[in-house]
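See structure below.
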Amino acid sequence: MAAISHSDIVKAPKALLHDHLDGGLRPATILELAEGVGHPLPADDPEALGAWFVAAADSGSLERYLETFAHTVAVMQTEEGLHRVAKECALDLAADGVVYAEVRYAPEQHLEGGLSLDQVVEVVNAGFVEGCAEAAALGRPIRVGVLLTAMRHAARSQEIAELSVRYRDAGVVGFDIAGAEAGFPPTRHLDAFEYLQRENFHFTIHAGEAFGLPSIWQAIQWCGADRLGHGVRLVDDITGETVLGRLAAYVRDKRIPLELCPSSNVQTGAAASIAEHPIGMLHDLRFRVTVNTDNRLMSGTSMSREMALLSAAFGWGWAELQWLTINAMKSAFIPYDERLAIINEVIKPAYAKLLG
Ligand SMILES: O=c1[nH]cnc2c1ncn2[C@H]1C[C@H](O)[C@@H](CO)O1
Ligand SMILES: [Zn+2]
């Protein structure tokens, strides 16, 4: 079957579970905000700056990939910067046809301008509310839920977990840990995860991206993660593309969602290419696979672009794209009835037309 074009995919509804707020800024916005706060940048026009991010992130190492965030986090230290970035994020995702998105960021990285953790959360939420309202007025309705991330090398996860629960009825739908994986196992943050479980709250954990099975095993079996951020190295527990080890079988049997991010994985060296990305095998084995952007700026990508790349690489048509979209929506952290409403009232009717 011929690959589905990017422009057709833009028109189809999509659900996105793994997108970093500080990894999705518009280059033009970074330039304007950086000028306001006197932050020096490696390029001085939007096109060159966008290309710089992609090239610098194309490093083959998660640690070096993460260094590029210094330039986005630097312009997200004021209420003005945070509000604008969140608002534009909602607008950009909506323009790409995303109808449901969970966007994450680490509040602890946005305190250098004197804001408190609560102020950061409130201004980001306000930016999302405004962006969603504007998108709806443009005929592109989108729902955005926030995930608060704690940095795994730091020691603020309990505080961020409590912050997440405090704002659970005001836009925050889940919690996450991110940052360099090797040397920083999820169990360092066990107290935070146990607290969240006692609060009946939801969380995902970046695991199995730059480190392998022990990280995934800890995330699931020690920490109780609802989903796996990436989880791509789960393939280390699959032999000959068919035989599942105990951990891989557990993840598949329990329908634990994998937040796969193809372009990001190629950049950090977790996958050799899109065509060789384990998503093909994981799809064939019927894992609960979802497709995500991770960092739209650093990968020069969008949800539609990721899906178009997969359609071209694996010959996936509308049936597979619908499957991926419904998998994501089923795995979202908003209440079940609200997930079902988006599946039945938005996603299925649109794909029924596309499937003909
Ligand atoms: O793919 C990733 N793996 C681990 N950490 C990541 C990834 N993408 C972004 N981050 C980090 C850098 C950001 O500053 C932080 C919060 O969004 O999360
Ligand atoms: Zn990520």
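In each ligand, atom 1 is the first atom listed, and ligand 1 is the first ligand listed. Only a predicted model underlies this, so the values are computations on that prediction, with no experimental measurement involved.
In summary, E306 and K14 do not engage in a salt bridge, as defined by a charged side-chain N under 4.0 Å from a carboxylate O. Using a 4.0 Å cut-off between charged nitrogen and carboxylate oxygen, R296 and D96 do not count as a salt-bridge pair. With salt bridges taken as basic N to acidic carboxylate O contacts below 4.0 Å, none links R233 and E181.
Ordered by chain and residue number, the residues placing a heavy atom less than 4.0 Å from ligand 1 are H20, D22, L62, L66, F69, Y105, A106, Q109, M151, A178, G179, H206, E209, H230, D294, N295.
Among residue pairs with one or both ends in residues 141-161, those qualifying as salt bridge (Lys or Arg N to Asp or Glu O under 4.0 Å) are R143-E338, R156-E159; sequence neighbours excluded.
At least one donor-acceptor pair under 3.5 Å links the side chain of N292 to the backbone N or O of L260.
Under the rule for a side chain to side chain donor-acceptor pair (under 3.5 Å), H202 has no partner lying at least two apart in sequence or in another chain.
Residue-environment remark: CD (E80) stays at or below the threshold of 12 foreign heavy atoms within 6.0 Å.
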Q) Taking it one step at a time, do E209 and S264 satisfy side-chain contact (heavy atoms from CB on, under 4.5 Å)? A) CA-CA 10 Å; E209 177 189 19; S264 167; 4.3 Å; yes
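For the Zn ion (ligand 2), the count of nearby protein N/O/S atoms, taking only those under 2.8 Å, is 4.
Cluster annotation: M76 and L117 are assigned to the same hydrophobic cluster (Ile/Leu/Val/Met/Phe/Trp/Tyr, side-chain heavy-atom contacts under 4.5 Å, transitive).
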